[in-house]
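One structure is given below, encoded as structure tokens.
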Amino acid sequence: MLGLAAIGAVICASVLIGVWGVRAARSTPDFLVASRSIVPGWNALAIAGEYVSAASVLGLAGLLVKNGVGAMWYAVGFTAGYVLVAALVAGPMRRSGAYTVPDFAEYRLGSPRLRRMCGLVVLVIMLLYLLPQFKAAGVVLELVSGIPYWIGVVGAGLVVSSTIAVGGMRSATYVQAFHYLVKLAFIAGPAVALFFLAGPERRDAALNPIAADPSWTRPLLDLDGSGHPMLATVSVLVATTLGAMGLPHVVMRFHTVAGARAARRVAVSVIVLLSLFYLFPVVYGLLGRVVTPNPAETDVVPVLVPSAIAPGTIGAVLTALVAAGAFAAFLSTSSGLLLALAGGLSHDLFGGSLSRLRLGVVVGTGLAVALALPAADVDINVLVGWAFAVAASTFCPLLTLGIWWRGLTSTGATVGLLIGAGSSTGAALASAVLDLEPGILSILLAQPALWTVPLAFASMAIASRPGAVPDWAGEAVLRLHVPGRHSTGDTDALPRARRGNRLDSDGGTD
């Protein structure tokens, strides 16, 4: 019951902070980007809270137990992605003045049809990412309190959707910043305590596993014993690193600050916060390999470790703290995902009003809950890996070429999105349906980013015929890179469809 009480306390605190953060959200900018009024410090904490998902808290430790220390490449990829975000995306995206990635696509390429297509891609990515979050909520509640899985999933959906539907981005920001601090305290604190409580013998076994199992110490990922660790590792790194550049809920965050310089400062701060946090799931993985080497459910290893090391009251207290930290991870990530999903459903597909955005939160939650209910046995990191692979194969090339290459056209972007989305989702579905022997083919289907990302880039470049580049493309690209207000041309020279969806005339100042 301690675990349920700790989770309940986190939920109550989250609701109270969300209500405190509510302002009169009377427009789309208020709801989606908090009218660009979030200060960089709060935004960095919120992004870190949003990005450190259930897959990070629970899944990474489970992967370490299951696949060895090579699983730490996931944490490297998740963090390294923000280096590219800071270098290539944050500033230009903020200057675009767009709400969302589909907004940016229409601003840059002048195609409402492409905007709607991007909205559909947002739905695919967000639903793939939301499923493991709701699954984690149901599994953790069931483990610590005996509440049936389906009740945990439905209840978690109600908590998150009610907070977001009322306050939008502003409430989500304060709640997610709080959740990062909760996760850091409730995951890091017990990790340090458990490391010392484990005793010298188990500490030595955790830090020197080679004596018991040399294969576990392989520095690369050998997924399912495929025998191709370098291929698996590189493919995972491509998906996690480039996927971070294309995650819609991540990109949306850079529009909540006042200007491009603030957006870059936020991105750099997030790298520091993520690097700090990812030290601790590794501790649970190392200890879990010794005290819970064969758990029935690897996704809950951090929740099992405390009672295995310290049976009794101390273990129960530490388990409650870890469970509350894991639940905070679900709440914070789900908040950002639902905002992006609502934007995709309402703002990007149907030109939604504020009421439609709130309805989009409710509908998106219903979809995610309905899909999560039968997914109790699906590995958390499998679903998250698919979401990153789709993002890397679609929005990463769209944003990279759209920001840095004048020659990208709406036709090229459309072709690239279709091929990138089709190949990555098709490969993921094939890996789930087909019973393949471990090998090169199974890796390239389960982790397809290694070939789907180059395919999407090449498709966009080849299909963008030089003669089809509009006259205003050069100015549109220039506006993404020149600080402050731009005097390179008249905004009225841009297509009306693109101008109508921008939030402001200059995208903020440096």
Side-chain angles (χ1 to χ4, degrees), residues 84 87-89 91-93 95-125 238 242-243 245-246 248 251 344 348-349 351 389-427 448-482 486 488-502 507:
L84 294 181
L88 302 177
V89 174
M93 276 298 295
R95 292 190 191 100
S96 73
Y99 290 154
T100 60
V101 176
D103 253 351
F104 169 81
E106 186 172 359
Y107 158 73
R108 171 63 179 84
L109 299 166
S111 172
R113 182 178 60 183
L114 180 62
R115 174 199 181 93
R116 290 190 291 271
M117 179 182 295
C118 289
L120 293 174
V121 176
V122 168
L123 299 188
V124 173
I125 297 172
V238 170
L242 298 184
M245 293 178 62
V251 173
D348 296 318
L349 290 178
V390 175
S393 305
T394 52
F395 290 156
C396 172
L398 174 67
L399 293 175
T400 303
L401 295 179
I403 291 171
W404 297 98
W405 183 44
R406 176 187 178 278
L408 182 67
T409 66
S410 60
T411 299
T414 299
V415 171
L417 285 175
L418 287 173
I419 292 177
S423 59
S424 56
T425 55
L450 187 61
W451 59 275
T452 57
V453 172
L455 181 62
F457 269 100
S459 301
M460 287 191 184
I462 293 172
S464 295
R465 294 179 291 104
V469 179
D471 295 337
W472 43 259
E475 179 188 346
V477 172
L478 184 62
R479 286 171 177 266
L480 301 176
H481 299 282
V482 177
H486 310 291
T488 55
D490 186 357
T491 306
D492 289 334
L494 303 178
R496 181 174 300 275
R498 297 196 308 121
R499 289 189 285 111
N501 287 300
R502 302 189 66 206

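With hydrogens and angles ignored, the 3.5 Å screen pairs no side-chain donor or acceptor of R115 with any backbone N or O of E106. At least one donor-acceptor pair under 3.5 Å links the side chain of H481 to the backbone N or O of I403. In this structure, the side chain of W451 does not engage the main chain of S423 through any donor-acceptor pair within 3.5 Å. Using modelled atom types, no side-chain atom of T400 and backbone atom of P397 make a donor-acceptor pair closer than 3.5 Å. Remark: side-chain polar atoms of S464 are paired, donor with acceptor, to backbone N or O of T409 under 3.5 angstrom.
There is a side-chain donor-acceptor pair under 3.5 Å between S393 and T452.
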* Asked: Where do L109 and T414 land on the side chain to side chain contact (heavy atoms under 4.5 Å, CB included) test, with the steps shown first?
  -> CA-CA 10 Å; L109 299 166; T414 299; over 6 Å; no
* Could you walk me through whether W404 and L480 pass side chain to side chain contact (heavy atoms under 4.5 Å, CB included), step by step? => CA-CA 9 Å; W404 297 98; L480 301 176; over 6 Å; no
* Does the side chain to side chain contact (heavy atoms under 4.5 Å, CB included) test come out yes or no for M117 and L120, once each step is laid out? -> CA-CA 5 Å; M117 179 182 295; L120 293 174; 5.5 Å; no
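For the pair L399 and L88, the minimum side-chain heavy-atom distance is 4.5 Å or more. At a threshold of 4.5 Å between non-hydrogen side-chain atoms, the residues L242 and L84 count as touching. Side-chain contact between I125 and T394 is present, with at least one heavy-atom pair separated by less than 4.5 Å.
In terms of heavy atoms, A392 sits closest to G243 at CB-N, 3.5 Å. The minimum heavy-atom distance between T411 and A463, with the atom names listed, is CG2-O, 4.0 Å. Of all heavy-atom pairs between R108 and G407, the closest is NH2-N, 4.5 Å. Closest approach of C118 and A105 over heavy atoms only: SG-CB, 3.8 Å. Across all their heavy atoms, V101 and P248 have their closest contact at CG2-CA, 4.3 Å. Nearest approach of M245 to C396, heavy atoms of both residues: SD-SG, 4.0 Å.
With rounding to the nearest 0.5 angstrom, the CZ atom of R406 is 14.5 Å from the CG atom of L401. The distance from atom CG of L114 to atom CG of L398, rounded to the nearest 0.5 Å, is 6.5 Å.
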